[in-house]
Amino acid sequence: MSKFQAPKGVSEYFPPNSEQFEFIRDQLINSAKLAGYSLIELPVFEDTEVFTRGVGESTDVVCKEMYTFEDRGGRSLTLRPEGTAGVMRAVIEHNLDRGQLPVKLFYSGAFFRAERPQAGRYRQFYQVGIEAIGYNDPEIDVEVIAVADSAFKALGLKQYKLNITSLGDSKSRDSHRTELVKYISSLKLDEETTARAKLNPLRLFDDKREEIKQAMSKAPLLLDYLNNESKAHFEEVKKLLTELGIAYTINPRMVRGLDYYTGTTFEFDHALLGAQSGIGGGGRYDGLMNSLGGSDVSGIGFGLGVDRILMAALAEDCLPNDINQLKLFIAPITEKGKTAAFNLLSELRGNGITCDMAYGDRGLKGGMKAADKSGALYGLVIGDDEISSGKCELKLMSSGEVFSSTLTASDLIKRIGSSN
RNA sequence: GUGGGCGUAGCUCAGCUGGUAGAGCACCCGGUUGUGGUCCGGGAUGUCGCGGGUUCGAGCCCCGUCGUUCACCCCA
């Protein structure tokens, strides 16, 4: 056993799983690119205040889950626990909102939260996220949701559900909160629950205990406190979702753990994942830019959990089994064959053919076995006969069928290229 | 931060009321000196997570510790 182990609770990916991870991540990114979002690549640590002010000091994420440290210059830095606050910092710092709006950005990378690890919950995890900044049209809300939904559909996922609600504007929230606090204070709750309610009364809506669910069943719902403007916006969002054929459930009891959310808020849940079933979520954050010192422009975005989406795809068994499949594997059986194979590979790779060969002195059987294990589409043996005749037999591994070819890259490419 | 389960070969795990380790898969070689997958034969692999204790003797019992896993909490 090795002396070193990865830090507690991090997710790691290596072959063959890493290819599935990469596939999922690239599909998510692709969906964002199709909708005109551009990459923003940011530091994984930020001034701690970006998160305390952006995400909100009362949130669990900020007050007990951040990796915060002091650098040699005495600055307080924090490994990013989420993506939105950092993106807003960069947008403000580099004046990205001064040009044409909306600004549409996507990011992909690792995030860090010091939580107790669990199925689908890691201390270092991966998200792909998008942010659309500058307008609060309901169309943008729906576009953001549709980017996530179409990514899931492209992956072949089926057993997921979209929950949406609206948190309204700050006035709507204030008047609701007053009523909610009044309602909660009439309940008999244990000390811990009371403390949670004090921090964020909405929390009690997603408590898993039956007695709390019962007690909260008659609590005032924020959706009923929306002012006309918020209500109209939400109605339009629902209408557009329906027109796009995106199924949703209105869940007025949905709670998000980050303070910056306003208006349209949503979450995707997967049915096969256990306790940590959220595969993505997001919402509008109309006051965030302003609270970080920028101009008062609105925004909406989401974060998708790559680790969890991979788990969901594995659970639904919807991943293709030929991700990054080798097109050709060469088994050289003589020294000359080895050299010829090596040169041929270089030429094939130069033409975009994914290919590999057996190294070492494996002999015919070992070479073919290696070809089999590699999962390559075609196998090719090169020995002295092939070199002297200039001819070879390309073997389709799945069926055993062989095709005659000359031992030239151009001829091999013709055959391999036509196979899919 | 709280609670439960589990740490034995590369992987999945078995190992009885304590008597100093085993299977399957994977891997390597051969049967078949120019064609893989099946079959048959052979082979390599372990400080039984780590530290301490009880015992003549510990993979097994006790304590601690680390890791892992599931749930609470929280969220991606």
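Lettering of chains follows the sequences in order, A, B, ..., and the numbering in each one begins at 1. Only this structure's heavy atoms are used, side chains among them; waters, hydrogens and symmetry mates stay out.
With contacts defined as side-chain heavy-atom distances shorter than 4.5 Å, the pair A:Phe125/A:Val10 does not qualify. Contact annotation: the side chain of A:Leu348 approaches that of A:Leu328 to within less than 4.5 Å [non-hydrogen atoms, C-beta and beyond].
Legend: side chain to side chain donor-acceptor pair (under 3.5 Å) pairs involving residues 25-34 of chain A, not counting sequence neighbours, sorted by first then second residue: A:Ser31-A:Ser150. Under the side chain to side chain donor-acceptor pair (under 3.5 Å) criterion, the residue pairs touching residues 43-68 of chain A are A:Glu46-A:Arg89, A:Thr48-A:Ser76, A:Thr48-A:Thr78, A:Glu49-A:Arg53, A:Ser58-A:Asp259, A:Asp60-A:Lys64, A:Thr68-A:Thr78, with sequence neighbours excluded.
The C1' atoms of B:U12 and B:U20 are separated by 25 Å, rounded to the nearest whole Å. The gap from the C1' atom of B:G18 to that of B:A44 amounts to 31 Å, rounded to the nearest Å. Straight-line distance between the P atoms of B:C11 and B:C16: roughly 22 Å, to the nearest whole Å. Atom P of B:G30 sits at a distance of 50 Å from the matching atom of B:C62, rounded to the whole Å. Remark: the separation of the P atoms in B:G1 and B:C13 is 28 Å, to the nearest Å. Comparing B:G59 with B:U47, their C1' atoms are spaced 13 Å from each other, to the whole Å. Comparing B:U8 with B:G22, their C1' atoms sit 10 Å apart, to the nearest whole Å.
For A:Tyr378 and B:G36, the OH to P distance is 19 Å, given to the nearest whole Å. Per the geometry, CD1 belonging to A:Ile333 stands 9 Å off C1' belonging to B:U35, to the nearest Å. Going from atom CG of A:Leu328 over to atom P of B:G36 covers 17 Å, rounded to whole Å. The CD atom of A:Glu393 sits 13 Å away from the P atom of B:G36 (whole-angstrom rounding).
For the side-chain contact (heavy atoms from CB on, under 4.5 Å) test with A:Tyr248, the passing option among A:Asn163, A:Thr242, A:Thr165 is A:Thr242; the others fail. When each of A:Phe111, A:Phe112, A:Phe21 is paired with A:Tyr126, the ring-ring contact (aromatic ring centres under 6.0 Å, His included) condition holds for A:Phe21 and for no other.
Closest heavy-atom contact between A:Leu314 and A:Leu319: CD2-CD1, 3.7 Å. When all heavy atoms of A:Tyr261 and A:Gly281 are compared, the pair lying nearest together is OH-O, 4.4 Å. Here the closest non-hydrogen pair linking A:Gly134 and A:Val297 is CA-CB, 4.4 Å. For the residue pair A:Lys104 and A:Gly36, the shortest heavy atom distance occurs at CB-O, 3.8 Å.
Near RNA chain B, meaning a heavy atom under 4.0 Å away, the residues from residues 397-411 of chain A are A:Met397, A:Ser398, A:Gly400. Within residues 14-26 of chain A, no residue approaches RNA chain B, by heavy-atom distance under 4.0 Å. Residues from residues 36-51 of chain A placing a heavy atom under 4.0 Å of any atom in RNA chain B do not occur.
For the residue pair A:Ser405/A:Glu393, the side-chain donor-acceptor check at 3.5 Å is not satisfied. A donor-acceptor pair shorter than 3.5 Å cannot be found between the side chains of A:Ser346 and A:Asn343.
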N/O to N/O distances under 3.5 Å, protein versus nucleotides 6-12 of chain B:
none

Listed pairs, N/O of protein and of nucleotides 27-33 of chain B, under 3.5 Å:
{"unit_1": "B:C27", "atom_1": "OP1", "unit_2": "A:Lys373", "atom_2": "NZ", "d": "2.5"}
{"unit_1": "B:C28", "atom_1": "OP1", "unit_2": "A:Arg362", "atom_2": "NH2", "d": "3.0"}

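Residue-environment remark: NZ (A:Lys238) exceeds the threshold of 12 foreign heavy atoms within 6.0 Å. Heavy atoms of other residues, nucleotides or ligands lying less than 6.0 angstrom from OH of A:Tyr359 number more than 12. Heavy-atom contacts from other residues, nucleotides or ligands closer than 6.0 Å to NZ of A:Lys153 number more than 12.
Partners of A:Phe152 under the ring-ring contact (aromatic ring centres under 6.0 Å, His included) rule, at least two apart in sequence or in another chain, are A:Tyr160, A:Phe268. Remark: A:Tyr37 engages no residue in a ring-ring contact (aromatic ring centres under 6.0 Å, His included) (not counting sequence neighbours). When the salt bridge (Lys or Arg N to Asp or Glu O under 4.0 Å) test is applied to A:Arg123, no partner is found at least two apart in sequence or on another chain.
The pair A:Asp207-A:Arg196 counts as a salt bridge, with a side-chain nitrogen and a carboxylate oxygen less than 4.0 angstrom apart.
Using a 4.0 Å heavy-atom distance criterion, A:Asn200 is classed as making no nucleic acid contact.
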Dot-bracket summary - RNA chain B, pairs being Watson-Crick or G-U whose distances fall under 3.5 Å, with | when paired to another strand: (((((((..((((.....[..)))).(((((.......))))).....(((((..]....))))))))))))....
Encode nucleotides 71-76 of chain B as B, S and - characters from 5' to 3', where the letter depends on protein heavy atoms closer than 4.0 Å: B to the base, S only to sugar-phosphate, - to neither. BBBBBB
